[in-house]
Amino acid sequence: MNASDLAIIILAAGKGTRMKSSLHKVLHPLGGRPMLHHLLDTAAPLKPSRKVIVVGAGKEQVEASVGEQADIVVQEPQLGTGHAVQVTGDQLRGFDGDVLILYGDVPLLKQDTMQKMIDVRAETNAAVVVLGFTPDDAKAYGRLKVGSDGNLEAIIEFKDASEDERAITLCNSGIMLLDGVKMFELLDALDNKNAAKEYYLTDVVAIAGQKKLGCVVVEADEYEVMGINSRSELAEAEAVFQNNRRKYFMDEGVTLNDPSSVYFSHDTIIGRDVTIAPNVVFGPGTEIADNVTINAFCHIEGAKIGNGASVGPFARLRPAAELGRGVKVGNFVEIKKSKIEDGAKISHLSYIGDARIGKNVNIGAGTITCNYDGYFKYPTDIGEGAFIGSNTALVAPVKIGAGAIIGAGSVITSDVNADALAVARGKMKEFGGWAAKFRTNSQNKKNKQG
Ligand code: UD1
Ligand code: MG
């Protein structure tokens with residue numbers, strides 16, 4: 001099969017009123033990535049040579065988000081889905097490949113489905129391929145009228161449909177693939193003589209029929225074509241996205257003890273034989289090697305975790321936390337922008353920021369890198385095999401040499417040489433019998449006061 005040139009159009013001129021947001025609807029994130037970018041990224045392997053996004057209000061926001069990735073066209077006023085495609089004339093008139101029309105608020109469409117539409121058009125030479133679906137509740141979706149020969153004859157909008165037509169269960173997702181050579185010929189023939197007085201994109205099907213051009217239907221799963229118009233639909237789509245990721249990771253050899261309580265980012269990367277306990281949240285930019293254990297209640301974002309490491313429970317890894325092989329990070333530990341080298345242990349109650357923790361270092365409970373003076377951030381460097389006693393404050397910038405030991409409770413304000421012992425705290429004094437005397441005196445005083 002000859003791979004034809006591909007253009008994509010993403011319709012996003014709708015007002016998005018029901019989101020009640022100052023952020024453009026298509027920029028609301030799913031799995032940490034704006035809906036619009038889900039579509040652009042899903043379509044990217046199909047190598048579209050032209051990408052056009054049709055917007056109404058909020059052009060600047062969309063432009064700022066997509067940059068050079070796509071052309072942006074303003075549709076003003078918005079006279080319907082057909083009109084929205086007509087306004088891409090400057091970009092696409094004369095384009096002779098396939099044109100895939102997507103909705104910016106239908107972000108979960110799979111690449112396989114896009115590909116299937118392209119393949120079906122190549123096989124059948126139909127001028128229009130419509131993506132249909134059969135939902136549990138057909139609501140007010142447009143209905144697909146398929147002839148006995150399997151050719152799609154018309155799309156009837158719900159508002160314009162008869163009782164019999166409303167009984168059809170095969171619905172229009174809105175997503176379509178058109179022959180670029182024929183597209184504007186079909187669009188130019190649209191009118192707005194319908195219940196909504198809009199230029200319906202769906203009418204290209206009947207027009208193609210009159211011109212004896214073929215139209216066919218490809219079917220998709222209901223979840224793939226769900227549209228997002230409100231915050232609750234956004235939450236539903238997030239649930240679908242997360243379930244897809246959970247299933248994907250389990251299929252790839254990751255154990256999830258309670259899948260429904262683990263949340264992934266769109267870009268989370270996880271190796272094999274990794275176990276993830278309940279209630280773990282991944283923000284963007286995390287990469288986990290093989291044989292890692294993530295214990296319960298961890299929040300992990302922008303971190304790299306090496307082979308065989310163990311994290312949590314209750315750990316927070318922030319951007320640019322990098323854990324080497326076999327590193328152990330225990331409960332109530334926060335790590336930011338720090339390299340923790342192979343075999344190091346930070347087992348309890350610590351903040352490590354802007355630091356390098358050398359190989360096999362042991363960081364005692366309650367150790368804090370004091371990396372910030374209110375104006376600037378400073379680094380801490382701990383050499384291989386050093387031992388930092390519990391409740392140590394490392395006042396950065398500071399270097400601890402390899403193999404050094406820091407006494408518990410120290411406030412370390414200057415560099416410590418390799419293999420030295422550094423202790424920085426008040427010297428302990430003991431006063432024999434003092435406490436007993438204190439109690440006797442105090443009790444006597446209290447008794448006298450009666
Ligand atoms: C459309 C379809 C309907 C289908 C349904 C699926 C038409 C006439 N009807 O109906 O058959 O079942 O989607 O959800 O196409 N948009 C613009 N400019 C406009 C109008 C819409 O860019 O002037 C964009 C919207 O931002 C949205 C998409 O097109 O992303 C669909 O618009 P919407 O108003 O939701 O169409 P429906 O009436 O639901
Ligand atoms: Mg709609």
Side-chain angles (χ1 to χ4, degrees), residues 8-19 21 24-28 34-36 38-39 52-59 61-62 70-88 100-109 128 130-135 137-146 152-161 165-166 168-178 186-187 190-207 215 217 219-230 233-234 236-237:
I8 61 171
I9 298 174
I10 302 179
L11 302 188
K15 295 206 166 44
T17 337
R18 281 195 278 154
M19 291 301 276
S21 176
H24 196 293
K25 178 163 82 170
V26 300
L27 299 180
H28 279 262
M35 293 183 209
L36 185 60
H38 278 266
L39 286 170
V52 186
I53 302 172
V54 179
V55 298
K59 179 186 183 227
Q61 286 187 0
V62 173
D71 290 335
I72 297 175
V73 175
V74 176
Q75 181 203 13
E76 193 57 64
Q78 288 106 45
L79 303 178
T81 49
H83 177 245
V85 181
Q86 282 170 344
V87 302
T88 66
L100 178 61
I101 299 170
L102 304 168
Y103 285 2
D105 55 3
V106 180
L108 296 174
L109 190 68
V128 185
V130 170
L131 190 63
F133 69 117
T134 308
D137 174 2
K139 296 183 199 159
Y141 289 114
R143 305 298 206 259
L144 301 186
K145 202 168 167 183
V146 179
L152 176 64
E153 291 172 354
I155 305 178
I156 324 283
E157 285 308 290
F158 184 80
K159 281 183 188 166
D160 303 294
E165 286 163 343
R166 286 182 181 187
I168 297 173
T169 55
L170 183 60
C171 293
N172 177 28
S173 71
I175 291 152
M176 245 184 227
L177 184 77
L178 287 116
L186 299 174
L187 290 171
L190 293 178
D191 64 41
N192 65 350
K193 291 182 193 127
N194 52 55
K197 297 201 167 40
E198 285 184 358
Y199 294 89
Y200 289 163
L201 176 62
T202 46
D203 284 349
V204 296
V205 169
I207 296 165
C215 296
V217 180
E219 277 205 62
D221 188 272
E222 178 176 1
Y223 293 111
E224 221 183 306
V225 294
M226 67 186 289
I228 300 173
N229 298 295
S230 63
E233 285 173 356
L234 181 66
E236 273 173 51

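Along the sequence shown, residues are numbered consecutively beginning with 1. Remember, it's 1-based here, ligands and their atoms both numbered in the order they're listed.
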Option nearest atom 23 (O) of ligand 1 (shortest heavy-atom distance, choices G227, S173, G80, G132): G80
Taking the non-hydrogen atoms of E157, is any one of them nearer than 4.0 angstrom to ligand 1? yes
For ligand 1, is V54 a contact, meaning one of its heavy atoms is under 4.0 Å away? no
When I8, L109, L39, I10 are each screened for side-chain contact (heavy atoms from CB on, under 4.5 Å) with L100, the one that passes is I8
Just to confirm, does any protein heavy atom lie below 4.0 Å from atom 38 (O) of ligand 1? no
State whether any protein heavy atom lies less than 4.0 Å from atom 18 (N) of ligand 1. yes
Contact check: L201 vs ligand 1, nitrogen or oxygen atoms, below 3.5 angstrom: no
Heteroatom distance test (Y141, ligand 1): nitrogen or oxygen, under 3.5 angstrom: no
So, for D191 and N194, which heavy atoms are closest and what is the spacing to 0.1 Å? O-ND2, 4.2 Å
Can you see which heavy atom on K159 is nearest to which on A196, and at what distance? NZ-CB, 3.8 Å
Lys NZ or Arg CZ of R143 over F158 ring: under 6.0 Å, within 45°: no
Side chain, backbone, both or neither: which part of [X] has a heavy atom under 4.0 Å from ligand 1?
X: N229; answer: neither
X: A196; answer: neither
X: C171; answer: neither
X: A84; answer: side chain
X: H83; answer: neither

Find all atoms of ligand 1 within a distance of less than 4.0 Å from any non-hydrogen atom belonging to A12, and give their numbers and elements. 22 (O), 26 (O)
